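Everything numeric in this text was worked out from a predicted model, so none of it was measured. Order of the sequence lines fixes the chain letters, A, B, ..., with proteins taken first and strands second; residue numbering starts at 1 for each chain. Below, each value reflects all heavy atoms present in this structure, side chains not excepted, and no hydrogens, waters or symmetry copies.
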Protein chains: 2
Amino acid sequence: MLLHPLFAQLERHAPLTPAERQALTDLVTAPRRFAAGVDLVQDGDRPRECRVLLTGQAFRHKTLADGRRQISAFHVPGDVLDIPGLFMSLDHGVCALTACEVAVLPHSRLQAAFQAHPNLALAFWSISLIEAAIFREWMLGIGRRTAYARVAHLFCEMILRLRAMGLSDGVRAPFPVTQQHLSDALGLSAVHTNRVLQQLRGQGLLSFSGGELVVMDWPGLQAAGEFDAAYLHT
Amino acid sequence: MLLHPLFAQLERHAPLTPAERQALTDLVTAPRRFAAGVDLVQDGDRPRECRVLLTGQAFRHKTLADGRRQISAFHVPGDVLDIPGLFMSLDHGVCALTACEVAVLPHSRLQAAFQAHPNLALAFWSISLIEAAIFREWMLGIGRRTAYARVAHLFCEMILRLRAMGLSDGVRAPFPVTQQHLSDALGLSAVHTNRVLQQLRGQGLLSFSGGELVVMDWPGLQAAGEFDAAYLHT
DNA sequence: CGAACAGTTGATCAGGATCAACTCGAGTGG
DNA sequence: CCACTCGAGTTGATCCTGATCAACTGTTCG
């Protein structure tokens, strides 16, 4: 049951057959452990394997020469960290937020499994499309929403995604990011993120400290973030 | 040779076999024509077919209730407009910028072709991943680049993508968008976009009017946009 | 004990938004 | 044929969201 988080992601649209599950189980190598802050996936790399996050959290980022950084995704268990690496070299890095356990699926054996079980390829494709849908929603937020709505929206998303993986009850969730991480994800400065957080706290919508998010007023938070979960395709 | 633009996109990583090309040719129905301004793909739709842009240009957008709009992509011939529709309902619309010709690939027959030619599915998957890479680059721009760099960067991208489809010589390219379209793609106001364009023109980097982009100083434009084409994976 | 980092606060600044008005075609209909 | 409208582009004036700079607190950790 090592790959259980991955199966949960892959089965969001259609269940896998026992044979498909077995094929994945057969090809995975021993999971690797990484410490917080380590790069799980390197920018510019042309990987020979797919990494799947089993435990812990991570984030995807592009960083410019002068240090400006954009975080394009936060990753929860079950997420495949480098699907693009199946086809091309990576144009971004993935960095561990916490200690992480990562399953490794060698490309050669994964591609063989795709040949033997075409639906497996479709399932991986499908989760890469959901990730793209999240990118579009983030673009909408960064481009067109206020800082206040952006922060609220991100917290709504993370609560739901973590709940889908059994890591949250919908009220409290582990989200071990600094305010700087939030800023880099939302296109804000750290100072302004801090002030928006104080607003959200002051309105009794949530608390966020020590890497834990607690939603105290879910309808209020959704409204503040103009949040509609349709784009998550759960 | 109706599908020639699609083949050009699909073959960016590996050539298709004659059998694979034939399979696509066999399943395409008569192309449809659309007028400028018409929605080619409707938000919320759950399509039964894939649409491929053959001629003309289009853009992908999410629009909020109050009219704020984020354009998440501009599409050139050969682009598949609704790959996510293979797996899920669409969370955005695609609108024609010009009169367009669109090829229609029914899902049922496309899926059969994927079964018969697994590499076809991989090729479609691959172009959906390139699109996601572009999304990430746009996020970086909207979140972390100045308005000036954003505008320059977008023009660099469009010149290269249009050139890859044989629609530009690398100097001049058809790009029939209004300044409002640019603003909605870049997360700016129309007024500010106008002023940035004047700057870029004033520095002799480009001219942009009547739906035509002319690059007068390519190195200068690249520098202004902090542009590195790696993310296009050409 | 001292670094180093995350968070917080205040003061100031600026990039870009907003509002409003005007120009300039390109239709379009009387 | 002209008046009218409408959309796109342009300009100026003003405002404001959020950036920047700097200092300070608290905590953790070596």
Evaluate the ring pair (Phe, Tyr, Trp, His ring centres under 6.0 Å) criterion for residues A:F135 and A:H92: first the C-alpha distance (whole Å), next the side-chain angles of each, then the deciding distance (0.1 Å), finally the verdict.
CA-CA 14 Å; A:F135 291 158; A:H92 58 269; 8.1 Å; no
Bending between helix ends of the helix from C:dC1-D:dG30 to C:dG30-D:dC1 [5 pairs per end, 10° resolution]
30°
Residues that A:R172 engages under salt bridge (charged side-chain N to carboxylate O under 4.0 Å, His left out), provided they are two or more places apart
A:E212
In B/S/- notation, 5' to 3', how is nucleotides 6-15 of chain D contacted by protein heavy atoms closer than 4.0 Å?
--SSBBBB--
Should A:E226 and A:R144 count as an ion pair when the cut-off is N to O under 4.0 Å?
no
Determine whether a donor-acceptor pair (N or O, by modelled atom type, separation under 3.5 Å) exists between the side chain of B:Q57 and the backbone of B:V177.
no
Nearest-Å distance, CZ (A:R144) to C1' (C:dG16)?
11 Å
Taking side-chain hydrogen bond (donor to acceptor under 3.5 Å, both in side chains) as the test, write out the residues that go with A:H181, two or more places apart.
A:T178
With distance as the sole test, does B:Q70 use its side chain to make a donor-acceptor pair with the main-chain N or O of B:T63 at under 3.5 Å?
no
Parallel, tilted or perpendicular: ring planes of A:F208 versus A:F175, cut at 30 and 60 degrees
tilted
Return the value, rounded to whole Å, for the distance between atom CG of A:L188 and atom P of D:dT17.
14 Å
Check the distance between D:dA19's P and A:R69's CZ and give it to me in whole angstrom.
15 Å
Separation of D:dA19 atom C1' from B:R145 atom CZ, nearest Å, is 18 Å
Base, sugar-phosphate or nothing for B:G187? Non-hydrogen atoms, less than 4.0 Å.
sugar-phosphate
d(CG, B:L182; P, C:dA17) in whole Å
13 Å
For A:T146, report the nucleic acid contact type (base, sugar-phosphate, nothing); a contact means any heavy atom under 4.0 Å.
sugar-phosphate
Between D:dA19 (C1') and A:L186 (CG): distance, integer Å:
15 Å
Over 12 foreign heavy atoms within 6.0 Å of CZ, B:R201:
yes
B:Y231 and B:F227 aromatic ring geometry - parallel, tilted or perpendicular at 30°/60° bounds
perpendicular
d(CD, A:Q199; P, D:dT17) in whole Å
10 Å
Between C:dG7 (P) and A:H192 (NE2): distance, integer Å:
17 Å
Check for a donor-acceptor pair, side chain of B:R51 on one end and backbone N or O of B:D82 on the other, with a separation under 3.5 Å.
no
Quick test: give all pairs of protein nitrogen or oxygen and nucleotides 26-30 of chain D nitrogen or oxygen below 3.5 Å, distance rounded to 0.1 Å.
none

Which residues satisfy the side-chain hydrogen bond (donor to acceptor under 3.5 Å, both in side chains) test with B:Q9, sequence neighbours excluded?
B:R12, B:D79
